[in-house]
Visitor: 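My structure is below; once you've seen it, I'll send some questions.
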Amino acid sequence: MPELPEVETYARYFARHALNQRIASVNVIDERILGEVRKETFVRKLKGCTFTSVRRHGKHFFADAGATWLHLHFGMTGDLAYYRDTPPRFAKIVFAFDGGMHLAFEDVRLFGLADLVDSPDDFIRERGLGPDPLDRAFTPKRFAALLEGRRGAIKSLLMTQEIIAGLGNLYVDEVLYQTAIHPRRPVHRLKDAEVQTVFATIRRILRESIARQARDAELPGAFLFHHREVGERCPRCGGTIRRTVVFGRTTYFCAKHQR
DNA sequence: TTCCATGTTCCGCA
DNA sequence: TTGCGGAACATGGA
């Protein structure tokens with residue numbers, strides 16, 4: 001489930017297992033997972049290299065391979081698997097390291113992406129991505145400035161990667177649920193205090209989720225996360241959970257306490 | 001069989 | 001310019 005907490009968890013997994021080992025071979029099992037780079041170039045530039053560090057910005061992951069950076073986006077169903085013998089069923093790219101271990105980038109639906117970039121910073125700038133909400137430079141003031149002068153639904157803005165990078169459908173619903181704001185509320189109708197609460201809640205929820213390694217079962221039971229079902233009882237106020245569509249995405253909210 | 005899905009992009013319209 | 005609805009992409013699972 002790749003939103004920011006999941007990608008952060010993958011980044012830590014990658015760093016824990018796949019750094020400082022020489023890449024003996026690169027197997028691109030399905031070329032459709034590649035972005036701009038050609039298969040031959042992808043293999044040639046990574047074979048023999050060593051990943052030395054990782055970075056994450058929003059839902060984008062980067063690994064330093066020396067002369068180039070591996071760039072991964074996990075789409076809807078991307079995942080990583082470090083293993084010795086048996087590749088995961090939906091492996092699309094496999095890196096084999098000296099010593100016999102492997103790292104697979106797997107993705108059932110192929111909405112993910114693997115590519116090479118010269119510089120993550122340039123990529124982030126060229127793509128126009130907004131700040132990462134866990135970055136130090138992301139302050140309450142900056143957040144308020146990002147929303148300034150906009151008129152769309154709060155959910156739409158929080159989902160837009162060019163405004164804030166990393167939140168997706170589930171976590172935006174979670175943030176608005178916990179701040180008692182209706183997903184369709186126009187952003188210019190938010191009070192200053194509410195904007196500050198949204199800022200603080202984004203950071204708290206992301207940190208809590210990362211601390212639990214973004215595993216569904218370990219997220220607090222009071223999270224909307226566990227109650228995404230029409231007619232479900234809201235654990236916070238006893239109201240009824242409803243479903244609607246905002247920004248083209250299925251949206252769950254409590255009809256009673258989210259206004 | 002039908003519907004739905006944690007993401008992104010592109011097009012048309014207001 | 002901004003915002004939004006809809007469609008498309010590819011595929012498994014309920």
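Chain naming here is simple, since letters A, B, ... match the order of the sequence lines and numbering starts at 1 in each.
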Visitor: Which nucleotides of nucleotides 9-14 of chain B have their base under 4.0 Å from a protein heavy atom (B), which only their sugar-phosphate (S), and which neither (-), written as one string 5' to 3'?
Guide: S-----
Visitor: Nearest-Å distance, CG (A/Leu167) to P (B/dG7)?
Guide: 10 Å
Visitor: For each nucleotide in nucleotides 1-7 of chain C, reading 5' to 3', give B when a protein heavy atom comes within less than 4.0 Å of its base, S when such contact involves only the sugar-phosphate, and - otherwise.
Guide: --SS---
Visitor: With sequence neighbours excluded, tell me which residues meet salt bridge (charged side-chain N to carboxylate O under 4.0 Å, His left out) with A/Glu8.
Guide: A/Arg12, A/Arg56
Visitor: Wobble G-U and Watson-Crick pairs count when both distances are under 3.5 Å; given that, what is the 5' to 3' dot-bracket string of DNA chain C, with | for pairing to other strands?
Guide: .||||||||.||||
Visitor: Salt bridge or not for A/Glu40 and A/Arg44, using N-O below 4.0 Å?
Guide: no
Visitor: On the 0 to 90° scale, with breaks at 30° and 60°, tag the A/His60-A/Phe62 ring pair as parallel, tilted or perpendicular.
Guide: parallel
Visitor: I need the CE-P distance between A/Met159 and B/dA5, as an integer number of Å.
Guide: 12 Å
Visitor: Step by step, work out the side chain to side chain contact (heavy atoms under 4.5 Å, CB included) result for A/Thr201 and A/Glu174.
Guide: CA-CA 9 Å; A/Thr201 304; A/Glu174 192 66 53; over 6 Å; no
Visitor: On the 0 to 90° scale, with breaks at 30° and 60°, tag the A/Phe199-A/Phe143 ring pair as parallel, tilted or perpendicular.
Guide: tilted
Visitor: Are A/His257 and A/Tyr177 an aromatic pair, judged by ring center distance below 6.0 Å?
Guide: yes
Visitor: Just N and O in the side chain of A/His73: are any of them under 4.0 Å from OP1 or OP2 of B/dG7?
Guide: no
Visitor: Looking at side-chain heavy atoms only, is the closest gap between A/Asp173 and A/Arg228 below 4.5 Å?
Guide: yes
Visitor: Provide, to the nearest angstrom, the distance between the CG atom belonging to A/Leu72 and the C1' atom belonging to B/dG7.
Guide: 15 Å
Visitor: Using a 3.5 Å cut-off and no angle test, enumerate the donor-acceptor pairs between side-chain atoms of residues 219-227 of chain A and protein atoms at least two apart in sequence or in another chain.
Guide:
residue	atom	partner	partner atom	Å
A/His226	NE2	A/Leu219	O	2.9
A/His226	NE2	A/Pro220	O	3.4
A/His227	ND1	A/Glu232	OE2	3.1
A/His227	NE2	A/Gly221	O	2.9

Visitor: Between A/Asp107 and A/Lys92, is the closest basic N to carboxylate O distance under 4.0 Å?
Guide: no
Visitor: Looking at A/Pro2 and A/Lys59, what are the two nearest heavy atoms and their distance?
Guide: O-CD, 4.1 Å
Visitor: Can you tell me if A/Asp115 uses its side chain to pair, donor with acceptor, with the backbone of A/Glu36 under 3.5 Å?
Guide: yes
Visitor: Answer yes or no: is there an ion pair linking A/Arg55 with A/Asp64, defined by an N-O contact shorter than 4.0 Å?
Guide: no
Visitor: Let me know which of A/Phe42, A/Tyr82, A/Phe95, A/Phe74 forms a ring-ring contact (aromatic ring centres under 6.0 Å, His included) with A/Phe105.
Guide: A/Phe74
Visitor: Treat primed atoms plus P, OP1 and OP2 as sugar-phosphate and everything else as base, then score nucleotides 8-14 of chain C 5' to 3': B for base contact with protein heavy atoms under 4.0 Å, S for sugar-phosphate contact only, - for none.
Guide: -BBBSS-
Visitor: Provide, to the nearest angstrom, the distance between the CE atom belonging to A/Met76 and the C1' atom belonging to B/dT8.
Guide: 10 Å
